Amino acid sequence: MIHISVQTEDFNVQDEYDAVCQQNNDDGAVVFFVGRVRDLNQGDAVFSMTLEHYPGMTESALADIISEAQQRWPLNRVRVVHRVGPLQPSDQIVFVATSSPHREAAFAGAEFIMDYLKTRAPFWKKESTDKGERWVDAKDSDAKKADTW
Amino acid sequence: MNTFTLKFFARLREETKTDALEIPLGEVASLGELKEYLQKQYPHWSGFLSGKLLSAVNQQMVNDDVPLQAGDEVALFPPVTGG
């Protein structure tokens with residue numbers, strides 16, 4: 001069972017976790033990750049950011065990433081929620097949860113999905129900082145991390 | 001008319017002040033010919049097109065040269081920064 005949502009609204013971690021666990025007696029392990037907006041990037045104060053995406057492709061890219069993760073590990077449930085639009089420091093950006101009978105698969109699957117999301121899902125961050133507005137550059141370290149899988 | 005749609009996103013969309021273009025297949029028959037065509041047609045964009053850009057055809061990321069067909073949705077965008 002997979003769930004993908006690209007939304008402007010905030011999400012509630014308890015509700016997302018409950019959805020992974022509801023009527024799920026197979027999985028002894030649930031791993032989740034939450035990505036949040038920081039107030040500092042590359043040494044500059046970040047006042048706010050806007051997340052742009054490619055409607056349609058975003059959802060299919062996330063579905064492809066999840067499907068690849070499910071081919072590698074027995075992940076019975078995967079849930080990905082990603083926000084778009086204007087965000088402030090400390091706001092939640094992304095939620096990724098995986099569930100599996102055992103923890104190894106759940107940990108690895110969640111990390112894999114985040115690493116692939118960072119390099120393959122069409123989202124772009126634009127920050128408003130004390131030095132003005134700027135598009136965030138992709139990090140080589142993210143590309144290298146995704147290549148390790 | 002035999003055309004495909006080209007979409008720009010994020011920084012590239014802002015720099016070119018362009019969301020989308022219709023491009024005749026007679027001018028660009030494959031993804032590999034696209035950048036050269038844009039540079040010729042819009043010389044002032046060459047700086048915007050020179051950095052690393054990713055491509056998608058019909059909403060699937062594509063790394064190689066592929067032939068294009070009428071009605072295809074092609075996209076060019078900077079490396080992604082979500083998460």
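We name chains A, B, ... by the order of the sequence lines, and we start the count at 1 in each one. Just so you know, these numbers come straight off a predicted model, no measurement behind them.
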(request) Search all heavy atoms of L117(A) against all heavy atoms of V80(B) and return the closest pair with its distance. (result) O-CG2, 4.4 Å

(message) Between R11(B) and D137(A) (salt bridge meaning N to carboxylate O under 4.0 Å), is one present in this structure?
(response) yes

(request) Nearest 0.5 Å please: distance from the NZ atom of K7(B) over to the OH atom of Y54(A). (result) 5.0 Å

(message) For D140(A), is the CG atom crowded, meaning more than 12 foreign heavy atoms sit under 6.0 Å from it?
(response) no

(message) Between D64(A) and Q60(B), is there a side-chain heavy-atom distance shorter than 4.5 Å?
(response) yes

(request) Tell me, for A121(A) versus chain B, whether the close heavy atoms (under 4.5 Å) come from the side chain, the backbone, both or neither. (result) backbone

(request) Tell me, yes or no, whether the heavy-atom count around Y17(A) atom OH, taken from other residues, nucleotides or ligands under 6.0 Å, exceeds 12. (result) no

(request) Treat each ILVMFWY residue as a node, draw an edge where side-chain heavy atoms are under 4.5 Å apart, and state whether M114(A) and F95(A) are in one component. (result) no

(message) Around atom CD of E36(B), are there more than 12 heavy atoms from other residues, nucleotides or ligands closer than 6.0 Å?
(response) no

(request) Output, in order, the C-alpha distance, side-chain angles, deciding distance and verdict of side chain to side chain contact (heavy atoms under 4.5 Å, CB included) for R120(A) and L54(B). (result) CA-CA 10 Å; R120(A) 295 172 189 216; L54(B) 306 180; over 6 Å; no

(message) Between S60(A) and chain B, with a heavy-atom cut-off of 4.5 Å, which part of the residue counts as in contact: side chain, backbone, both or neither?
(response) side chain

(request) Give me the ring orientation class for W124(A) and F9(B): parallel if the planes are under 30° apart, tilted from 30 to 60°, perpendicular past 60°. (result) parallel

(request) With rounding to the nearest 0.5 Å, note down the distance linking NZ in K126(A) to OG1 in T81(B). (result) 12.0 Å

(message) Any non-hydrogen side-chain atom of E73(B) less than 4.5 Å from a side-chain atom of M57(A)?
(response) no

(message) Membership question, hydrophobic clusters at under 4.5 Å side-chain separation (ILVMFWY): are V81(A) and I113(A) in the same one?
(response) no

(request) Answer yes or no: does atom CZ of R72(A) have more than 12 heavy-atom neighbours from other residues, nucleotides or ligands under 6.0 Å? (result) yes

(message) Counting only heavy atoms not in H102(A) (residues, nucleotides, ligands), do more than 12 fall under 6.0 Å from its NE2?
(response) no

(request) Using modelled atom types only, decide if a donor and an acceptor are shared between the side chain of K125(A) and the backbone of G83(B) within a distance under 3.5 Å. (result) yes

(message) Please rank K139(A), E52(A), R83(A), R134(A) by heavy-atom pairs under 4.5 Å with chain B and give me the top one.
(response) E52(A)

(request) Answer yes if L31(B) and M61(B) sit in the same cluster of Ile, Leu, Val, Met, Phe, Trp and Tyr residues linked by side chain heavy atoms under 4.5 Å apart, and no otherwise. (result) no

(request) Measure distances from A10(B) to the heavy atoms of chain A and classify the residue's part below 4.5 Å as side chain, backbone, both or neither. (result) both

(message) Is it the case that over 12 heavy atoms from other parts of the model lie below 6.0 angstrom from the CZ atom of F107(A)?
(response) no

